[in-house]
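Everything on this sheet refers to the single structure shown next.
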Amino acid sequence: MADGSWKGIVDRDAFVLRPSARHLSVEAYSDDHEAKSRLLKYLRASDDLKTIHARLSEDEVIARGISRVDGLRLVRIPSWECIVSYVIATNSNVKRISRMVDGVATRFGDIVHEELHSFPSWKQLREASVEELVGCGLGYRAKHIHALCRTIDDGVIDRMGALPYEELRRELRQLPGIGDKVADCVSLFGFGHLEAFPIDVWIERALKRLYGATGSYAKLRGFAARRFGEYAGYAQEYLYHNERRLYKDGRCAFSQV
DNA sequence: GCCCAGGAGTGTG
DNA sequence: CACACTCATGGG
């Protein structure tokens with residue numbers, strides 16, 4: 001795929017937590033090969049969407065979504081940034097999550113360009129006090145982040161990168177502030193396990209509305225694994241964005257079932 | 001002023 | 001196993 005065709009895709013429909021990341025475009029980094037390489041990894045540029053779409057189109061509901069939700073991509077967020085971001089994200093809303101994560105970056109990260117700050121490394125964030133984190137608007141999540149910085153380090157995260165999905169999920173579930181949903185988000189977006197299927201309130205709604213599927217997290221997770229298999233993460237992304245769109249303005253790529 | 005938000009932790013039946 | 005309750009705080 002030519003570089004130019006990527007421009008604006010992140011802004012349109014890919015999953016982003018930080019508003020600053022929406023300004024990324026491959027063209028802007030044409031002279032910086034390292035930055036360009038990072039961006040292409042972030043965009044999961046090497047994913048074979050034809051194969052993924054073909055597999056997921058075996059499900060008629062997802063097939064309709066794929067044909068109508070143009071340009072959707074799943075992104076690969078750096079592991080540490082992803083872990084912290086999703087612990088912060090619990091029981092909040094997208095707009096506020098963006099503000100909280102950007103607040104943490106502004107307070108503890110490095111300046112990379114004018115007002116733009118990088119996400120703080122583990123070493124940088126572990127210097128943050130609970131009070132400072134509360135000051136970033138994290139509320140009760142502040143103590144989770146503080147504890148998280150004292151439970152794991154860069155070495156632990158590197159080791160996690162070598163684990164298969166189920167084992168990684170078990171490890172993540174033992175960390176402060178990480179339960180079923182966050183463990184699956186981190187497995188998917190932060191470690192690239194495409195079979196992970198995070199179930200939040202929107203996905204729960206979509207599964208009930210489109211498939212009549214209800215029940216516990218474990219039960220719904222089993223349903224998704226059987227139905228969507230190794231690319232369940234992509235199916236989740238289509239279901240999520242479609243469900244949000246339905247509630248936002250009534251437009252829905254999937255027909256009511 | 002109310003309910004909800006890309007839930008997790010803890011306690012109880 | 002399933003529920004019920006609490007946790008800070010902002011968005012709508």
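Hydrogens, waters and symmetry mates play no part in the numbers below; they use all other heavy atoms, side chains included.
Judged as a side-chain hydrogen bond (donor to acceptor under 3.5 Å, both in side chains), and not counting sequence neighbours, the contacts of A:Glu166 are A:Arg221. Partners of A:Tyr234 by ring pair (Phe, Tyr, Trp, His ring centres under 6.0 Å), not counting sequence neighbours: none found. Legend: residues meeting side-chain hydrogen bond (donor to acceptor under 3.5 Å, both in side chains) with A:Asp158, ordered by chain and number and at least two apart, are absent. The salt bridge (Lys or Arg N to Asp or Glu O under 4.0 Å) search around A:Asp47 returns A:Arg44, not counting sequence neighbours.
No side-chain heavy atom of A:Ile157 sits under 4.5 Å from any side-chain heavy atom of A:Trp122. A:Ile77 is not listed as a side-chain neighbour of A:Phe119, based on a closest heavy-atom distance of 4.5 Å or more. In this structure the side chain of A:Phe223 reaches within 4.5 angstrom of the side chain of A:Arg226, judged on heavy atoms. A 4.5 Å side-chain heavy-atom check between A:Leu239 and A:Ile62 finds at least one atom pair inside the cut-off. A:Met100 places a side-chain heavy atom less than 4.5 Å from the side chain of A:Ile97.
Listed nucleotides: B:dC4, C:dA8, B:dA8. Nearest to the side chain of A:Thr90: B:dA8.
Across B:dA8 and C:dG11, the matching P atoms stand 22 Å from one another, rounded to whole Å. Nucleotides B:dG11 and C:dA8 are separated by 16 Å at their P atoms, to the nearest Å.
When rounded to the nearest whole Å, the span between CG of A:Asp200 and C1' of B:dA5 equals 10 Å. Going from atom CG of A:Leu148 over to atom P of B:dA8 covers 13 Å, rounded to whole Å. Between A:Ile88 atom CD1 and C:dT9 atom P the separation is 14 Å, expressed in whole Å. The CH2 atom of A:Trp202 sits 9 Å away from the C1' atom of B:dC4 (whole-angstrom rounding). The CG atom of A:Leu133 sits 14 Å away from the P atom of C:dA8 (whole-angstrom rounding). Between A:Asn91 atom CG and C:dG11 atom C1' the separation is 13 Å, expressed in whole Å. Per the geometry, CZ belonging to A:Arg96 stands 14 Å off C1' belonging to C:dG12, to the nearest Å. At whole-Å resolution of the value, CE in A:Met100 and P in C:dG10 are 10 Å apart.
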Close N or O pairs between protein and nucleotides 10-13 of chain B (under 3.5 Å):
none

With the criterion being N/O to N/O and under 3.5 Å, what pairs connect the protein with nucleotides 2-6 of chain C, and how long is each?
none

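Within 4.0 Å of A:Val87, counting heavy atoms only, lies no atom of the nucleic acid at all.
Projected onto DNA chain C by closest heavy-atom contact, A:Lys95 and A:Ser92 fall at different nucleotides, the more 5' of which corresponds to A:Ser92. If A:Gln236 and A:Gly177 are placed on DNA chain B by their nearest nucleotide, the residue sitting closer to the 5' end is A:Gln236.
Of the residues in residues 136-147 of chain A, A:Gly139, A:Tyr140, A:Arg141, A:Lys143 come within less than 4.0 Å of DNA chain C through at least one heavy atom, sorted by number. Applying a 4.0 Å cut-off to non-hydrogen atoms, the residues of residues 165-176 of chain A that approach DNA chain B are A:Leu175, A:Pro176, listed by residue number.
The list of side chain to side chain donor-acceptor pair (under 3.5 Å) pairs with a residue in residues 175-185 of chain A, not counting sequence neighbours, reads A:Tyr165-A:Asp184, A:Arg169-A:Asp180, A:Arg169-A:Asp184, A:Arg173-A:Asp180, A:Asp184-A:Tyr217.
Of the candidates A:Ile83, A:Val104, A:Ile88, A:Ile88 is the only one forming a side-chain contact (heavy atoms from CB on, under 4.5 Å) with A:Ile145.
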Do any side-chain atoms of residues 186-196 of chain A form donor-acceptor pairs under 3.5 angstrom with protein atoms, and if so which ones, sequence neighbours left out?
| residue | atom | partner | partner atom | Å |
| --- | --- | --- | --- | --- |
| A:Ser187 | OG | A:Ala183 | O | 2.7 |
| A:His193 | NE2 | A:Leu163 | O | 3.4 |

Side-chain polar contacts of residues 128-137 of chain A - donor-acceptor pairs under 3.5 angstrom, sequence neighbours left out - could you list them?
| residue | atom | partner | partner atom | Å |
| --- | --- | --- | --- | --- |
| A:Ser129 | OG | A:Glu132 | N | 3.1 |
| A:Ser129 | OG | A:Glu132 | OE1 | 3.4 |
| A:Glu132 | OE1 | A:Ser129 | N | 2.9 |
| A:Glu132 | OE2 | A:Arg107 | NH2 | 2.6 |

Check: residues 147-154 of chain A side-chain donor-acceptor pairs under 3.5 Å, at least two apart:
| residue | atom | partner | partner atom | Å |
| --- | --- | --- | --- | --- |
| A:Arg150 | NH1 | A:His146 | O | 3.0 |
| A:Arg150 | NH2 | A:Arg126 | O | 2.7 |
| A:Thr151 | OG1 | A:Ala147 | O | 2.7 |
| A:Asp153 | OD1 | A:Gly155 | N | 2.9 |
| A:Asp153 | OD1 | A:Val156 | N | 2.9 |

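Contact between the side-chain N/O atoms of A:Arg99 and the OP1/OP2 oxygens of C:dG11 is found at a separation under 4.0 Å.
No side-chain donor from either of A:Arg38 and A:Tyr42 sits under 3.5 Å from a side-chain acceptor of the other.
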